[in-house]
Engineer: 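Below is one structure. I have some questions about it.
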2 protein chains.
Amino acid sequence: MSAIKKTVSKPKAEHGTSLRTAFHEIRELIVHGRLSPGTWIVEGDLAARLGMSRTPVRGALHWLQREGYVLEHKNVSKSRMIVAPLTKEDANELYSIIGRIEGLAGRRTASLPDEKRSEIAQQLRNYNRQLEEIVKARPAKAHGIFDLDHNFHRSIIESGAGPRLMALHKAIEPQTERYWRLYASSIIHDLHRSIAEHEEIIEAISAGDADRVEKALQVNWENGAERLGHVIDVFGERGSW
Amino acid sequence: MSAIKKTVSKPKAEHGTSLRTAFHEIRELIVHGRLSPGTWIVEGDLAARLGMSRTPVRGALHWLQREGYVLEHKNVSKSRMIVAPLTKEDANELYSIIGRIEGLAGRRTASLPDEKRSEIAQQLRNYNRQLEEIVKARPAKAHGIFDLDHNFHRSIIESGAGPRLMALHKAIEPQTERYWRLYASSIIHDLHRSIAEHEEIIEAISAGDADRVEKALQVNWENGAERLGHVIDVFGERGSW
DNA sequence: GTATCCAATTTTGTAGACATTTTTAAATGC
DNA sequence: GCATTTAAAAATGTCTACAAAATTGGATAC
């Protein structure tokens, strides 16, 4: 109980931004591969790298674990964390899960009133048309594709899914970006197929046929996994690089 | 008890147990309704209640959020958390999601070699038989039912799902317990229907028909949601009690 | 009586310290 | 040279302190 309680200066970012920052930064590091799949994660290192204390880093890691970017070996607590590896099997599982989730959402989208449905269909057609243009314009540049495809699917979710399904999709779907970034240039080659599958989705929505929409979405993701698997076979799994 | 406790006050549980404890305790509080749906959660209160600091409580809340027991208003960080409410709509969404997830796992279970499949089928039949016995023996006591049903479904998942799907199921399925506990006594009445649906699942697995297994599991959950919805209609949503 | 602004309280976010466990490396014995 | 034990280092789990927000309640003006 000294008289002088020297307040060690706290640089202080802006309060309430560190966790957010940590989450996004670390996620970025993982998605862009600067943190290789399989790497051991050390809280302290990341904290130093991001210029903050371990507290928000730890929180961010929990979040990233929740989203599947980071894995632990044991269960709750005792976290010995690693960057989630990218494997063909995981891609298969990931894609089929998303297929079901979106299928479920699409089912409800298909049950909306006609007016809403045609509105959405138009929106989707718009995205798909832009994708087509990219395909036509060779050399196709990869950058916009991911976002367009992302938007296409997000539109369906947002119109059909309830809060729980939406949250689930929001947590899982972004993980495809890691695979996308790794194999993008090779995937573009098959883009026209995905576009064709999108057409079927759009038509099914227009028709208001729930079963057909669900099936079409599942197929789109299932085929996407297949296409991706093919590329992985050729280039090998990127456990680290 | 010691005479000279020069320690600077570090009660110290056992190191590495607090987070686990907090997670389970809080989850228990929520599942048993001692933390009512919709209640505002205050880290400090819980910490005091559990006799630990806010740090592990905060971590546990992140986990519980991941599992869906707790909701936030904003996104990452800025957690203003509440206990997730129990509504008919949420139950519907929850159940249909689980139906898809299990369906996906069941699909792969159905693709296992004959030997494995009949092994699993036997295990499932065993669980289902125990459920039947409970139905017959009136008054049916609620306690064992949830666990049996739980085991039934878990067997399917564990035999068919990959790590990702397994983790997802493990995170989502336990949430049904909240609805179960709320409306258990009323659900028991319809138990025989669920048992019949289980038979279909078992047969489909025995036959190795992936589509049929997937469908049967979806139907089981879909119908479960319907049965639950009926009860909720009668007794009202328990936003708090 | 109502609305608005300001102060006090509560609650969350972050940092840093410390304890314990795990890992790594070295040293010793055989 | 290999294995085992032991000491040092690193990493994680938890606690406490403090700062920044957010909320609440009251006082004042109209």
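Residue numbers start from 1 in every chain, and the chains themselves are labelled A, B, ... in the order their sequence lines are given, proteins ahead of strands.
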Engineer: Locate the shortest heavy-atom distance separating A:Ser159 from A:Thr109; write the atom from each residue and the value.
Structural biologist: OG-OG1, 3.3 Å

Engineer: Over how many whole Å does the gap from A:Leu19 atom CG to C:dG13 atom C1' extend?
Structural biologist: 8 Å

Engineer: Mind checking the NE2-CD1 spacing from A:His169 to A:Ile156? Nearest 0.5 Å is all I need.
Structural biologist: 8.5 Å

Engineer: Would you check if the side chain of A:Arg181 reaches a backbone N or O of A:His32 as a donor-acceptor pair within less than 3.5 Å?
Structural biologist: no

Engineer: Take atom NE2 of A:His62 and atom P of C:dG13, then tell me their distance rounded to the nearest Å.
Structural biologist: 15 Å

Engineer: To the nearest angstrom, how far is B:Trp63 atom CH2 from D:dG13 atom C1'?
Structural biologist: 12 Å

Engineer: Contact list please: residues 46-57 of chain A against DNA chain C, heavy atoms, distance less than 4.0 Å, in numerical order.
Structural biologist: A:Met52, A:Ser53, A:Thr55, A:Pro56

Engineer: Give a yes/no on whether any side-chain N or O of B:Ser18 is located under 4.0 angstrom from OP1 or OP2 of D:dT14.
Structural biologist: yes

Engineer: Can you check whether A:Phe146's main-chain N or O pairs, donor with acceptor, with A:His150's side chain at less than 3.5 Å?
Structural biologist: no

Engineer: What's B:Ile41 touching, base or sugar-phosphate or nothing? Going by heavy atoms closer than 4.0 Å.
Structural biologist: sugar-phosphate

Engineer: Whole-Å distance between C:dG13 C1' and B:Arg80 CZ?
Structural biologist: 12 Å

Engineer: Can you check the A:Glu43 CD to D:dA10 C1' distance for me, whole Å?
Structural biologist: 12 Å

Engineer: Would you please name every residue forming a side chain to side chain donor-acceptor pair (under 3.5 Å) with A:Arg164, sequence neighbours left out?
Structural biologist: B:Asp90, B:Gln175

Engineer: Rounding to a whole Å, what distance do you find between A:Phe23:CZ and C:dG13:P?
Structural biologist: 15 Å

Engineer: Considering heavy-atom distances to DNA chain D, does B:Trp40 or A:Val42 have its closest nucleotide positioned more toward the 5' end?
Structural biologist: A:Val42

Engineer: Of all heavy-atom pairs between B:Leu71 and B:Ala84, which one has the smallest distance, and what is that distance?
Structural biologist: CG-CB, 3.8 Å

Engineer: Where the side chain of A:Glu102 meets the backbone of A:Leu217, is there a donor-acceptor pair that is under 3.5 Å apart?
Structural biologist: no

Engineer: Rounded to the nearest angstrom, tell me the gap between atom CG in B:Asp45 and atom C1' in C:dT9.
Structural biologist: 14 Å

Engineer: Just compare C:dG13, D:dG13, D:dA11 and give me whichever is closest to any side-chain atom of B:Arg58.
Structural biologist: C:dG13

